Structures are given as C-alpha cells and as structure tokens.
Amino acid sequence: MAAPIRRIGMLTSGGDAPGLNAVIRAVVKTAEIEYGWKVIGIEDGFEGLLTPPHIRNMGVEDVRGILSRGGTILGTTNKGHFRTIDVGGRPQRDPAPYKELAQNMRRMGLDALVIIGGEGSQGIASELAKFGVRAVGVPKTIDNDLYGSDRTFGFDTALTVATEALDRLHTTAASHDRVMVLEVMGRDAGWIALHSGLGGGADIILIPEIPFSIEAVASKVMSRDFQGSNFSIIVCAEGALEKGGQQIYQSSTGTLGGIGSYVATEVARRTGKDSRVVVLGHLQRGGEPTPYDRILATRFGAAAVRELAEGRYGEVVVLRGGIITTIPMAECAGKVKTVPIDDEMVRTARGLGISFGDEDLTEMLPEALAELEAIANDLQADDDPSED
Ligand code: F6P
C-alpha cells in the first residue's frame, strides 16, 4: 500500500490566470483543516523544485486575504527546464530535471504534488509519474481551451474585461463613425472572442477555428454602413488567421499578435473608413478574479486535495456539466479544446447577423459590394503610374 499523505507540495506553472490564489488558498485550507496535512509552497513553478529548491511552508495564516487577489503568490514560469525540445521535428524531454525534481521531493519528504497549470504543465505532471512523483492537476488557462473541462478559472475574468472593453469601444466608435478592432487573447481557441463578442455586441468575430477572408470582413462593414450603422465593432482572437494564411507573430518578441492591426489597416484601406485597433493583451490576465472564477478555483483546489486523500493520482480535476470530476492527466496533456465550428454559440451569433468573416460574398448587400469595388478601382488608378 502507498504511504499515507502527510506533506504535500503545491506549485503554479505557465501563464498566470485570475483565480490562482483562490486555488492556493483552497488547497492549503482543505489540506490543513480537513486532513491535518502540511503544505509546502513551491516558487516559480517546477523550477522551484530543482536545486537549490525555492520553497516555503504554507499554513492557513499564509493564505489570508488572497482569495480576491490576482496573479499567484507562488510565482510562475512558462519557460523552464521541463519543456519539450524539438529534436528533428519530434518533441523530446530531457530526463535530468525530472530525476532531480523527484529526488528533491524525496529529500524534502513531499508525499505528493498539486500542480496548477495548463495543458503543458499537465503534460509535465504526467511525465513526472514515470519518476515516481504522485500528483493531481488543477487546470488553468484564461483561454478556456483545456481539453476535458467545460470551464477553466480565469476565463470568466478575461471575458468580463473583454466585454467591458467592447462596451467602451461602442460609444467611441459610434461617436466617430469608426471601425474598432479589439484584439483579445486566444492562441488556438477563440472562446474569449466568441463569448465577449456575443456579450459585448460585436458585429464581426474572428477566431482561429474559422479562417476569415478580409473581403468578407470589409463587405460586412460596408453593408452595415448602407443599412444605417456607420460604425462597426470587430473582436479578433490573437490567433485568428486569414483563409490560406498563417497566424501573425510580432517580430520584436516572437509572440503571437498583430492580427488586429492587420484587420484594421485592411478594412480602412478597402472601405475608406477610419479604423482603430486596441490590443487588450495581459489586462485580461491581471487583477481580481470575478466571483465565478473565485468559486470555481476554490472548488478545484478543494477537489484536488480530496483526490490525493482518496489515493487517486495522475488525475486532473475538471468541470463537466456543472459537476467537479476528474480525467487522467495524459488525456488532457497536449490537447486543446477548440470552438466547434457548429457550436451553438457560433450558430446563435450567425443568426443574429454577426459575421465570422467566412461568409460568401454573394450573400452580401450588392450596393456594398459595388461601393467596395469602386474604392478598389480608385486605389488602383492612384497606384497606376500611366494615370499620371
Ligand atoms: O494563457 C494563455 C495566453 O493567454 C495566450 O492566449 C497568450 O498567447 C499567452 O497566454 C501569452 O502569454 P505570455 O505573454 O505570458 O507568454
């Protein structure tokens, strides 16, 4: 029989998400109050368990007042020794840090780990099992794209920030008859763009799952003008891409971003309308979690401790149909829950006249198409040196 648990470690890994501190608090309180265990906080993700370890004792008194605080009091890292490296097109892991971590855990008398992180972190956790590390995962990502869970904490906060931004952009867009493009997070999945687009009344929603054509986007904007709405709101996931195109990366940082600016520039050029872009970026990840995220994070943290107490390792706690349950770590590692293109919310949005930029141009207002063509002809004439 496996040794009973008396002392557990806990770490936060990957990009932060509002609600991490609520999980930390729930883990510490449940472990101490319900089971009488000691909790050791590991700093800066898995890195904190390498030599020399960065750890601290965590009791109920150490988690006072953190329920509503953004970020993570333990610190986090998403670029460390544990990530996979590409060797000849195949992802591989260096076993050395895994061995070192397992050894340090034994030295410190840690019986198990609670790993709060996204799919990459759950992949690391699942690999650690091969080195004898017992762990339970808590899923985290503001993108809501963790495979196997209906929701992840942080998403509701991000969505709230994005929706508020859309509300604010509406009034200024309407005052100036402008096109406003809001670029939100969402590398592989457009959940934030889709939900905030519906909640914030966007006219066009661009997501990675539905590649768009810039002609369709411009046509929708122009059609709205002809129908008497002289402004348009576009919400665009950072991972959105044109049909046949690729995601856009910023050359300065090598990180995803710039699609909003591309859309604003192209729409302005094709429609002649004043267009602006707002990149919401990390504002979506910072600050206080919403009540929904605090509650979900608390339920996840408490459930993770119960899993360990019941001797179920290698599982990730998830939310399914309103119930907290678990799935094997290996099942969600490396997988992304994308927006199904026939999702009920996509269908609802289309029914409301919201464009995803993939519509057939023949469905657009003929007057709008004629106007776009006239603008294109003017532009071509301006560019043609034989016209000088
Ligand atoms: O948490 C996921 C995410 O929000 C992605 O949408 C985004 O691309 C990424 O984090 C950016 O994170 P960072 O700037 O920390 O690398």
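Order of listing sets the numbers, starting from 1, for every ligand and every atom in it. Computed from a predicted model, the values in this text were never measured in an experiment. By convention here, the first residue in the shown sequence is residue 1. Scope of the values below: all heavy atoms of this structure, side chains included, with no hydrogens, waters or symmetry mates.
- The shortest non-hydrogen separation linking A193 to I207 is CB-CG2, 3.8 Å.
- Counting only N and O atoms by type, the side chains of T325 and R320 include no donor and acceptor under 3.5 Å apart.
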(request) Please step through side-chain hydrogen bond (donor to acceptor under 3.5 Å, both in side chains) for the pair E164 and T160, ending with a clear verdict. (result) CA-CA 6 Å; E164 190 192 331; T160 303; over 6 Å; no
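- Distance from atom 8 (O) of ligand 1 to its nearest protein heavy atom, with residue and atom name: E238 OE2, 2.7 Å.
- Contact analysis leaves T255 out of contact with ligand 1, as no non-hydrogen atom separation drops below 4.0 angstrom.
- In this structure, E119 contributes its side chain and V336 its backbone to no donor-acceptor pair below 3.5 Å.
- At a 3.5 angstrom cut-off on N or O pairs, T141 does not count as close to ligand 1.
- For ligand 1, the polar-atom distance check finds an N/O of G186 within less than 3.5 Å of one of the ligand's N/O atoms.
- One hydrophobic cluster holds both V39 and V114 under the rule that ILVMFWY side chains link at heavy-atom gaps under 4.5 Å.
- With a 4.0 Å heavy-atom cut-off, ligand 1 is reached by no atom of Q284.
- Taking the six-membered ring for Trp and the full ring otherwise, the centers of Y98 and F82 sit less than 6.0 Å from each other.
- Of all atoms in ligand 1, numbered sequentially from 1 with element shown, those under 4.0 Å from a heavy atom of I142 are 4 (O).
- Those atoms of ligand 1 that come under 4.0 Å of a heavy atom in R187, given as number and element, are 6 (O), 8 (O).
- Across K140, M185, R285, heavy-atom proximity to atom 12 (O) of ligand 1 is greatest for R285.
- Residue N78 approaches ligand 1 through these ligand atoms, each under 4.0 Å from one of its heavy atoms: 15 (O), 16 (O).
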